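All remarks here apply to the structure that follows.
For the numbers below, each heavy atom of this structure counts, side chains included, while hydrogens, waters and symmetry mates do not. Residue numbers run from 1 in the order of the sequence given. Computed from a prediction, not measured in an experiment: that's the story for all the values here.
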Amino acid sequence: MMELAMQLLTLTFLLPLAGTLILALSRGRLGEGSSAFVGVLSVGLAALVTAIVAIGFVNGGGQAASLTLWTWIQVGDFAPTIGLALDALSLTMLGVITGVGFLIHLFAAWYMQGDTGITRFFAYMNLFVFSMVLLVLGDNLLLLFLGWEGVGLCSYLLIGYYYERSANGAAAIKAFIVTRIGDVFLAIGLFLMFSQFGTLDIQTMLAMAPTVWAEGEGMAQLAALLILGGALGKSAQLPLHTWLADAMAGPTPVSALIHAATMVTAGVYLIARLHGVFELAPDVLYLVGVIGALTLLMAGFAALAQTDIKRILAYSTMSQIGYMFLALGVGAFDAAIFHLMTHAFFKALLFLSAGAVIVSCHHEQDIRQLGGLWRRLPLPYAGFLMGGAALAALPLVTAGFYSKDEILWHALAANKGDLLVVGLLGAFLTSLYTLRLILGTFHGEMKSDNARTAEPGTGLRHGVPLVVLAILSTFLGAWLEPSLVAVLPVSPGEAVATGHTALELVASAVALAGLGFGAWLFLVKGKWLASHVARGPGAMLWHLWHQAWGFDRVFDRLLVQPFRHLVHWLRGDLIDALFNLVAAIVRLLSAGVTRVQTGRLRTYSTSMVFGATVVMLVLVGGYLL
């Protein structure tokens, strides 16, 4: 059974690739329905194959296995392969990519109906799934890096899908450049590790790392820092986070697939996969947790002051990935992956529900112009309630409660009280901005003509993804918690049980307190709108949060504008100018020499006599002296 599963494993990325090729080579000859059918079917079959592989993996005892397809490059001793590695970690990621990805593709078939570029859209989406599967199944870092760059390319293509608007193109370029900054660090890290280990095979490196590096050794710290640099860019963590909010320019299913459920969690997967390197660099590992904690707070406050429904969810995504980084920082690699999985469920649900609202309200995204939609859009409203409850980690009944509780508990068990406090504060903020989002979108009076004409979406393509994701966002989704003991190390303090129940009660109380305070602030005081807050004493603070703490402005002043001035200064190309100067000097000398070639015999004779006289005077003067 296990052998069959490994043979089928190749189909998980070949099927989406086949879908991409069919759509790309059709050259627009496929209609809207056919394009959607090819795009959805290819990912749906990949999800089905993943389920079969999972059954074979479980029946095979959960033992890791690998499959080498062929040698990619052969240069001396450097011979990376196109090889696939299957273990509990890669299978968990594979299930999220193909399972949640299929539901998002199915919803996109409804969301994108009537779009003239639907063939191009599904070609890009299928290419993304192919690249992401390659990333998580690759058994060596070079193949992983190929998938890593592939998802970056697809992110650029999909963010700028509506390229007719210059702002969308700018958002795509911003995402591409910022994530490439992180990718440069990751590429340097790969070179460093190859120089140290002589291989890029992941399992071989993890086995060799403790024998090559001592704990805390400088080279281990440097390698971990470089890997972290790549993870920060892809997962939108401080300071390489500024691209994610602008990435909401793409279609909403893109936000659900790439910028909530899969690509932005690639950095979490990378650190968990290379946990052996980070365990040898404890200072860098703690830095991972600190960055996650800071991003958690920064994005949480920013989400409180946004008015665009998708930007609120974007900052929420940054914040929740901050929880995952916090878990990684305390050595709770399994808890980070658990929250990654549950987050994919409820955040995809929230984005798809937001997409239903946006389409039904004629692409109105400002929550100040919405309101009162709960009767007209009952299914998206239910999706927001279930997804929001999981996001706020309502106790016992939601998947988010169990995964977030694991992170907080491991922070306490690892004696990282500072990170624990930040995690609790983040839970309070999460409840606050989640309630604000739901109240502003679905309750109160409808404030625009767009909202009054809203009509609920119908059909299986619209309903099935929302219902399935809503079920997975409940405690039923937490039952899918993967057992990663065979792949990832046991978290610090995992055997300690004292205080766990007390912490659960505290975390639950914090989440409920956030909802209670939000109800008082938004319902009793009625100050959930930007205009209300902007006129109050906290106007400056609100604007600071609305601008996401001003990082874009700071980066523009410190990096973008100086670079533009440098480019303006160098636009004449100084290197070319230097060579042109040499040529100008040669031309000048040539012009001077040609002036003596007059063709007049008298002038030549005079010059010869004058020159001979000068030579004689010099010789005589030298003799006399």
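Within the 3.5 Å criterion, the main-chain N or O of Ile55 finds a donor-acceptor partner in the side chain of Asn59. Here the side chain of Ser353 pairs a donor or acceptor atom with the backbone of Leu349 at under 3.5 angstrom. Using modelled atom types, one side-chain atom of Tyr323 and one backbone atom of Ala427 make a donor-acceptor pair closer than 3.5 Å. Side chain of Thr295 to main chain of Leu238: a donor-acceptor pair is present (N/O by atom type, distance under 3.5 Å, no hydrogens or angles). Put simply, the side chain of Ser42 gets close to the backbone of Val38: a donor and an acceptor are under 3.5 Å apart. A donor-acceptor contact shorter than 3.5 Å is absent between the side chain of His339 and the backbone of Ala335. A donor-acceptor pair under 3.5 Å is formed between the side chain of Thr262 and the backbone N or O of Leu257. Although no hydrogens or angles enter the test, the distance criterion places no donor-acceptor pair under 3.5 Å between the side chain of Thr81 and the main chain of Thr71. No donor-acceptor pair closer than 3.5 Å links the side chain of Ser235 to the backbone N or O of Gln237. Checking side-chain atoms of Lys347 against main-chain N and O of Gly387 turns up no donor-acceptor pair under 3.5 Å.
How far CG of Leu143 is from CG of Leu84: 7.5 Å, rounded to the nearest 0.5 Å. Within the model, atoms OG1 of Thr119 and OH of Tyr124 stand 11.0 Å from one another, a figure rounded to the nearest 0.5 Å. Atom CG of Leu296 and atom CD1 of Ile407 lie 9.0 Å apart (nearest 0.5 Å). If you take NE2 on His241 and CD1 on Ile321, they are separated by 12.5 Å, rounding to the nearest 0.5 Å. Atom CG in Leu186 sits 11.0 Å away from atom CG in Leu232 (nearest 0.5 Å). A distance of 6.0 Å separates CD1 of Ile181 from CG of Leu240, quoted to the nearest 0.5 Å.
Inter-residue side-chain proximity for Leu420 and Leu503 is flagged as met; some heavy-atom pair is nearer than 4.5 Å. Side-chain contact check for His462 versus Phe107: some heavy-atom pair is nearer than 4.5 Å. Side-chain contact check for Tyr269 versus Met324: every heavy-atom pair is 4.5 Å or farther apart. The closest side-chain heavy-atom distance from Asp283 to Leu287 is not below 4.5 Å. Using a 4.5 Å heavy-atom cutoff, the side chains of Pro253 and Phe121 are in contact. Looking at heavy atoms from C-beta onward, Met341 lies out of side-chain contact with Ser403 at the 4.5 angstrom threshold. For the pair Leu350/Phe384, a side-chain contact is recorded, criterion being any heavy-atom separation below 4.5 Å from C-beta on. Using a 4.5 Å heavy-atom threshold, the side chains of Leu141 and Leu274 count as touching.
Ala187 and Phe145 get closest at one heavy-atom pair: CB-CZ, 4.0 Å. The minimum heavy-atom distance between Ser473 and Ala390, with the atom names listed, is O-CB, 3.6 Å. Between Phe57 and Ala88 the shortest heavy-atom distance is CZ-N, 3.7 Å. The two atoms that bring Leu326 and Leu419 nearest to each other are CD1-O, 3.5 Å, heavy atoms only. Closest non-hydrogen pair, Ala266 versus Lys234, comes out as CB-CG, 3.9 Å. The heavy-atom pair separating Val43 from Gly101 by the smallest distance is CG1-C, 3.9 Å.
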Taking it one step at a time, do Val133 and Met93 satisfy side chain to side chain contact (heavy atoms under 4.5 Å, CB included)? CA-CA 8 Å; Val133 171; Met93 293 296 297; over 6 Å; no
Stepwise, does the side chain to side chain donor-acceptor pair (under 3.5 Å) test hold for Thr98 with Thr50? CA-CA 7 Å; Thr98 60; Thr50 299; 3.1 Å; yes
Would Tyr156 and Trp243 satisfy ring-ring contact (aromatic ring centres under 6.0 Å, His included), going step by step from the backbone distance to the final call? CA-CA 11 Å; Tyr156 165 78; Trp243 64 272; over 10 Å; no
Determine, stepwise, if the pair Leu146 / Leu142 fulfils side chain to side chain contact (heavy atoms under 4.5 Å, CB included). CA-CA 6 Å; Leu146 176 64; Leu142 191 59; over 6 Å; no
Run the numbers on Phe345 and Ile471 for side chain to side chain contact (heavy atoms under 4.5 Å, CB included), then give the verdict. CA-CA 9 Å; Phe345 298 153; Ile471 293 173; over 6 Å; no
Could you walk me through whether Phe325 and Ile271 pass the side chain to side chain contact (heavy atoms under 4.5 Å, CB included) check? CA-CA 9 Å; Phe325 270 67; Ile271 295 176; 3.9 Å; yes
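Using bins of under 30°, 30° to 60° and over 60° for the plane-to-plane angle, the ring pair His275/Phe333 lands in the tilted bin.
Checking Ser66 against Asp139 by side-chain atom types alone, no donor-acceptor pair falls below 3.5 Å. With hydrogens and angles left out, the side-chain atoms of Thr199 and Thr204 include no donor and acceptor closer than 3.5 Å.
Figure legend: cation-pi geometry between Arg180 and Phe176, with NZ or CZ positioned under 6.0 Å from the six-membered ring centre and within 45° of its axis.
Dense packing is recorded around CZ of Phe194, with more than 12 heavy atoms of other residues, nucleotides or ligands lying under 6.0 Å away.
Not less than 6.0 angstrom separates the ring centroid of Trp409 from the ring centroid of Tyr402.
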